Amino acid sequence: QAQFVESGGGLVQPGGSLRLSCVASGSIFAIFTMGWYRQAPGNQRELVAAITSGGSTAYADSVKGRFTISRDNAKNTVYLQMNSLKPEDADVYYCNAQIRSSGSSYAYDYWGQGTQVTVSS
């Protein structure tokens, strides 16, 4: 079965940068769409960025031009490069992927454990 582990969160000043990573491992047959979400206490989880297996991307309007999602299919990894960070970007970030495990006929959603991004002076 597959595993999905993320890292890269931390504390950064406004205008700074962070790079989040999420790595899938295990008996993986294929990975389809991958994405990043964020959620603050009391709020719904919202999509930040997504990328298809073919490399097509989509972004929330609030991060467009500042964040970049990418993937390395050989390493089963998705990245979120966050530049020009603002206080309103502070949230717990979660990676997501549609993964078909070896021995399975279908793909299922997998979630990372969440990583805290704090933007403060």
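The model shown is predicted, which means the values in this text are computed figures rather than measured ones.
Residues T33 and A50 come closest through the heavy atom pair CG2-CB, 4.5 Å. Between S84 and S17 the shortest heavy-atom distance is N-OG, 4.3 Å. Across every non-hydrogen atom of M34 and T77, the tightest pair is CE-C, 4.3 Å. Scanning both residues, L18 and G10, for their nearest heavy atoms gives CD1-O, 3.9 Å.
Clustering ILVMFWY residues whenever any of their side-chain heavy atoms sit less than 4.5 angstrom apart, transitively, puts I51 in the very cluster that holds W36. Placement of L20 and Y94 in two distinct hydrophobic clusters is found when ILVMFWY residues are connected by side-chain heavy-atom separations under 4.5 Å, directly or transitively. If you chain together hydrophobic residues whose side chains sit under 4.5 Å apart, L85 and Y79 never meet in one group. Cluster membership for V92 and V48, using ILVMFWY side-chain heavy atoms within less than 4.5 angstrom, is not shared. Put simply, M82 and I69 are part of the same group of oily side chains (I, L, V, M, F, W, Y) that touch within less than 4.5 Å, one to the next.
Side-chain atoms of S104 do not come within 3.5 Å of backbone N or O of S102 as any donor-acceptor pair. For the pair E6 (side chain) and G114 (backbone), a donor-acceptor distance under 3.5 Å is present. A donor-acceptor pair is defined here as one N or O able to donate and one able to accept, closer than 3.5 Å; no such pair exists between the side chain of Q13 and the backbone of S120. Remark: the backbone N or O of Y93 is not paired with any side-chain donor or acceptor of D91 at under 3.5 angstrom. The backbone N or O of L11 sits nowhere less than 3.5 Å from a side-chain atom of T118 that would complete a donor-acceptor pair.
Within the structure, side-chain hydrogen bond (donor to acceptor under 3.5 Å, both in side chains) contacts touching residues 50-65 (residues at least two apart or in different chains) are R38-S62, D61-K64.
Within 6.0 Å of CD in E88 there are more than 12 heavy atoms belonging to other residues, nucleotides or ligands.
Figure legend: R100 and Y108 shown without cation-pi pairing, the cationic atom not lying both under 6.0 angstrom from the six-membered ring centre and within 45 degrees of its axis.
Ring pair W111/Y37: centre-to-centre distance below 6.0 Å.
Between the CG atom in N76 and the CD1 atom in I99 there is a gap of 7.5 Å [rounded to 0.5 Å]. Going from atom CZ of R71 over to atom SG of C22 covers 12.0 Å, rounded to the nearest 0.5 Å.
Contact check for L80 versus R19: no side-chain heavy atoms found under the 4.5 Å cut-off.
Clustering of Ile, Leu, Val, Met, Phe, Trp and Tyr side chains at separations under 4.5 Å leaves F29 isolated, with no partner residue.
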- Message: Would F4 and V78 count as a side chain to side chain contact (heavy atoms under 4.5 Å, CB included) here? Give the steps.
- Response: CA-CA 10 Å; F4 208 34; V78 62; 4.3 Å; yes
